Every structure is written in structure tokens, then in C-alpha cells.
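Structure record follows, encoded as C-alpha cells.
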Amino acid sequence: EPEVTQTPSHQVTQMGQEVILRCVPISNHLYFYWYRQILGQKVEFLVSFYNNEISEKSEIFDDQFSVERPDGSNFTLKIRSTKLEDSAMYFCASSATGGSYNEQFFGPGTRLTVL
Amino acid sequence: AQSVTQLGSHVSVSEGALVLLRCNYSSSVPPYLFWYVQYPNQGLQLLLKYTSAATLVKGINGFEAEFKKSETSFHLTKPSAHMSDAAEYFCAVSKAAGNKLTFGGGTRVLVKP
């Protein structure tokens, strides 16, 4: 069964450093998303991406964040200068296009720890 | 704006007992509704979804949910809890295909032997 994969599973970084979180969505999907879950809190939407551009972003997704689909398979989230409050589990998701096929398939997540 | 409220952050049930997890939504348009499950140290797995085809939706692992427009609810049930059902359950809403999911706060289920 196709699945969304994410690397690395854990990332520890120093405050102020740049991190790149990587995702490989399901191959025939066209919508891509990043969500995050701070420990003990609800899952929050960060950004959605379609047709090589951001389709929607949340207030959290400020200028420190960027997304890219550098090739036909990867989807990345970059945090330029990490803050302590960026520590969270980051989930990538993808979905096919159209109608009721809005099911978003989630990857296992990358746990980011900012020291 | 859409929102989701899950009543009860923790639910404890005995093995074999009914599981009932409550979800209420607000949405300005007919919503897509979802229940996801998160097992410890894992990602989110879709249990079931409502996309207006039928009000009673059956999902995986014996779970089902009923969409009640008059109550703006989408409660999740399972007739008989199993130890493997111990997890956190999230209700989510979106307003269209390809749209962001808005999650509720989650309900952690503990199953007692």
C-alpha cells in the first residue's frame, strides 16, 4: 500500500540553525501539506501546496518557513532560523485531487527538538 | 471559519464496553468530516470520513460515526472496545477537496482490562 514517508524521524538542532524536513508524498497525489503538533496540543495546519505554489498558509507559517517541491517526488519544509517554540512533531500529508477524495494521508512525522 | 470541538480529552473504557467519542463542528458550508487515530509514537491514520454520501459511515477496526446535521455532530462509536484501541483520536473538518484540515483537541482513550 502506498504511504507517505518522512525523514529524518528525529532532528535535534540548536536555536538559530536552519533545518530541512523532507517528505515523499504518495506518487499520484497532487496536494501536499505540512502540519505540526506541539507536545500535548492539537494538530495545527501550516501550509498547503498545489501546482507548485502555496495554496493556503496559516498564521504560524511566517517568513521563517518555506516549502519546496525540488523534484517530482520530494516535498520539503525549511525553517530558516529555528526558535525554541518550533520544537514539535511535524507531519507531512498528501491527497489526490477532486471531490470526495480529500482523504489526506499522513506520514509518520519528524520530531524536531530545538535546544 | 471552521472549528471542531471534542468533548473530553480523556476517556476510560473497559474492554468489551462501548466506546463513544464526541465531536461537534461548526462550518459555514457543508463539511467534509474525518476521524483520525494516532497510536503512540506514530502518525495519523484515517479511521473514516463523511463526504455527504451517507450519514452513517463505517470505518476500519469496527468504528463508525454518524453525521447529524441538526446537531452539528459527528460522534465516533465502537460497540466493543479492544485493548488495541488505546490511542488518541482526532476529529477533523475541511470545507473542500484539497483544503486544510482543522483538528479538534483530541481524545485519548484508555482501555482497562
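The chains referred to below are lettered A, B, ... by the order of the sequence lines, with proteins before strands, and numbering in each begins at 1. This structure is a prediction, so every number in the text was calculated from the model and none was measured. We use all heavy atoms of the structure for the numbers below, so side chains are in, but hydrogens, waters and symmetry mates are not.
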Portion of L44(B) that has a non-hydrogen atom of chain A nearer than 4.5 angstrom: both
Would you call L77(A) and F61(A) a side-chain contact if the rule is heavy atoms closer than 4.5 Å? yes
Under 4.5 Å heavy-atom distance to chain B, tell me which part of Y35(A) shows up: side chain, backbone, both or neither. side chain
Please flag which part of Y50(A) lies under 4.5 Å from any non-hydrogen atom of chain B: side chain, backbone, both or neither. neither
Where does Q37(A) contact chain B at under 4.5 Å (heavy atoms): side chain, backbone, both or neither? side chain
Between S73(B) and H75(B) (side chain of the first, backbone of the second, donor and acceptor by atom type, cut-off under 3.5 Å), is there such a pair? no
Do Y25(B) and T102(B) have side-chain N/O donor and acceptor atoms under 3.5 Å apart? no
Are any side-chain N or O atoms of N52(A) and backbone N or O atoms of R69(A), one a donor and one an acceptor, separated by less than 3.5 Å? no
Most contacts with chain B, counted as non-hydrogen pairs under 4.5 angstrom, among Q41(A), K42(A), R111(A), Q6(A): K42(A)
I need the residue from Q42(B), Q6(B), Q38(B) with the largest number of non-hydrogen atom pairs under 4.5 Å to chain A. Q38(B)
Heavy-atom check, side chain of E56(A) versus side chain of N99(B), under 4.5 Å: yes
